[in-house]
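Contents: one structure, followed by commentary.
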Amino acid sequence: MVSMVSRPGVLSLAGGLPAPELFPREALSGALSKALREDPGALQYGGANQRLKEQVVGLAAERGITAKPEEIVITTGAQQGIELCVRAFLEQGGGLLLDELSYTGIHQSAALRLPKWAEVPVDLTLGSDPAAARQLLSECSAGGESMPDLAYLITDAHNPLGVSLSEERRVAWAQLLSESGIPVIEDDPYGLLWFDEPFADPLKARIPEWTLYLGSFSKILAPGLRLGFMIVPAALAEKIGVVKESADLESSGLIQRAVSTVLEGDFLSEHLARLRSVYRERRASLLDALDKHMPEDATWTQPQGGLFVWVEFGRDIDTAELLRRCLDRGLVAFLPGAAFALPGSRAVERARRSMRLSFSSLAPDVFDRAIATIVRALEEPTR
Ligand SMILES: Cc1ncc(COP(=O)(O)O)c(C=O)c1O
């Protein structure tokens, strides 16, 4: 299936990849050459780059987060941040509270701990439901079970759903987590990739002592850099630093220096403005095409940023089978929703009749054709 989806000529809404034509290749190339030319330390073993930590403090401020350099852990991408949190805070067989439809990277990292998954319903307009989570937690304590070790949330531009948590739900989540004493991994790789106005304050700005915040340069510069960061209470930074060291000694010194050089001056704000304008236009074209072609029983998210729209059908269909038909007939690809539900969970049925569409990598004028093709394949009688 993967090779069919990436075949030349396929209009792919399947990948979660940022648009390669937007990678800041020139800026990075200059910064890499400078580091190689001027600083032999760039190729040496070494610790985290102090200047980069200070710059991360500045980026965090744009998200409404007040941080100090000693609270920053530089990571090899947000994915490593997830892995480090799991290693440091999730016991074998411990509980993990997370959305019933979520980023597969948390499933993969946590699965080795054989956790007790506590799955929270999530809806397409308000996001993850804190009232349902509160209910789950009270059932836990009524049944004599211990509280989950950890929670995992994507506050803004959720992958795969594209939804952002409503203000009311942010407040309720912050209250629930701090009251119950459950640390939360707040995974925020899309936090600066808003389109119309900045996202509301994340949990890290509200309950900093309970939040293990993950940021990434993958979506705002390029994923091939494999660079991200965590913002955690200073007392935990040391513990996480030890786990990080055991994982890879340190993230590449060369890449840290190059990214730090790129972050000096106004480059990033200009680059972000360009990303926002290109993705905003692509999102609008995809949403227009959905409005025009989708049948009555389909509902979808209205993302305020990020890369994804999630579509759910009311009818009983299997989107994996629909994908096969789309590839046979029209050369269009998307990601069937089943990838984002835990096997055997309550959400499997919902995920089976859903799909994730990425608007990141297609030109605005092809969404109409892509969605029309999917809907034709959906409506045609199955053979
Ligand atoms: C929600 C979420 N978390 C983490 C990641 C991984 O990010 P990184 O490339 O920084 O490891 C992704 C990548 O798509 C993602 O969507």
Side-chain angles (χ1 to χ4, degrees), residues 12-20 22-24 28 48 52 56 59-60 63 72-87 96 98-111 120 122 127-128 150-165 184-194 199 202-204 211-231 240 244 247-248 251-252 255-256 259 263 275 279 301 303-310 334-335 337 339-342 356-361:
S12 182
L13 293 89
L17 311 181
L22 298 174
F23 294 156
L28 283 168
L52 182 60
V56 166
L59 281 183
R63 274 301 260 142
I72 313 293
V73 179
I74 300 295
T75 61
T76 304
Q79 182 62 43
Q80 186 180 52
I82 295 176
E83 178 67 23
L84 299 181
C85 290
V86 164
R87 283 209 218 169
L96 176 62
L98 79 176
D99 292 338
E100 63 180 7
L101 296 165
S102 196
Y103 171 59
T104 47
I106 181 67
H107 296 162
Q108 289 166 337
S109 275
V120 181
V122 54
S128 186
L150 208 50
Y152 171 88
L153 289 174
I154 308 165
T155 322
D156 285 298
H158 192 286
N159 180 8
L161 302 178
V163 69
S164 290
L165 264 186
V184 57
I185 304 173
E186 182 171 45
D187 191 6
D188 195 36
Y190 307 100
L192 291 174
L193 209 54
W194 46 263
F199 293 126
L203 296 175
K204 185 68 187 171
T211 310
L212 308 159
Y213 178 90
L214 309 183
S216 174
F217 292 104
S218 290
K219 315 296 164 154
I220 58 174
L221 292 176
L225 297 167
R226 306 308 307 127
L227 199 68
F229 53 89
M230 302 173 72
I231 310 176
I240 294 169
K244 157 82 182 161
D248 65 1
S251 299
S252 158
I255 298 295
Q256 290 188 67
V259 168
L263 295 181
L275 295 184
Y279 288 137
T301 44
Q304 301 307 304
L307 307 178
F308 308 113
V309 173
W310 177 265
F334 55 83
L335 214 57
F340 303 99
L342 285 162
R356 189 192 74 178
L357 304 177
S358 164
F359 51 83
S360 63
S361 300

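Predicted, not measured: the structure shown is a model, and the values here were computed from it. Atoms within each ligand, like the ligands themselves, are counted from 1 in listed order. Side chains are part of it too, since the values below use all heavy atoms of this structure and drop only hydrogens, waters and symmetry mates.
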Please determine whether side-chain contact (heavy atoms from CB on, under 4.5 Å) holds for the pair Leu221 and Leu227, giving the CA-CA distance in whole Å, both sets of side-chain angles, and the decisive distance to 0.1 Å. CA-CA 10 Å; Leu221 292 176; Leu227 199 68; over 6 Å; no
Would you sort out whether Thr211 and Glu186 count as a side chain to side chain donor-acceptor pair (under 3.5 Å), showing the intermediate values? CA-CA 7 Å; Thr211 310; Glu186 182 171 45; 5.2 Å; no
For Tyr152 and Val86, what are the C-alpha separation, side-chain angles and deciding distance, and is it a side-chain contact (heavy atoms from CB on, under 4.5 Å)? CA-CA 10 Å; Tyr152 171 88; Val86 164; over 6 Å; no
side-chain contact (heavy atoms from CB on, under 4.5 Å), that's the test. Do Val163 and Trp310 meet it? Break it down for me. CA-CA 9 Å; Val163 69; Trp310 177 265; over 6 Å; no
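- From Asp187, atom CG reaches atom CE of Met230 across 10.5 Å, with rounding to the nearest 0.5 Å.
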Distance dump, ligand 1 polar atoms to protein, N/O, under 3.5 Å:
from     : atom 1 : to     : atom 2 : distance (Å)
ligand 1 : 3 (N)  : Asp187 : OD1    : 3.4
ligand 1 : 3 (N)  : Asp187 : OD2    : 2.5
ligand 1 : 9 (O)  : Ser218 : OG     : 2.6
ligand 1 : 9 (O)  : Arg226 : NH1    : 2.9
ligand 1 : 10 (O) : Ala78  : N      : 2.7
ligand 1 : 10 (O) : Ser216 : OG     : 2.6
ligand 1 : 10 (O) : Ser218 : OG     : 3.2
ligand 1 : 11 (O) : Ala78  : N      : 3.1
ligand 1 : 11 (O) : Gln79  : N      : 2.9
ligand 1 : 11 (O) : Arg226 : NH2    : 2.8
ligand 1 : 14 (O) : Tyr190 : OH     : 3.4
ligand 1 : 14 (O) : Lys219 : NZ     : 2.8
ligand 1 : 16 (O) : Asn159 : ND2    : 2.8
ligand 1 : 16 (O) : Tyr190 : OH     : 2.7

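- When the side-chain hydrogen bond (donor to acceptor under 3.5 Å, both in side chains) test is applied to Ser164, the partners found at least two apart in sequence or on another chain are Asp156.
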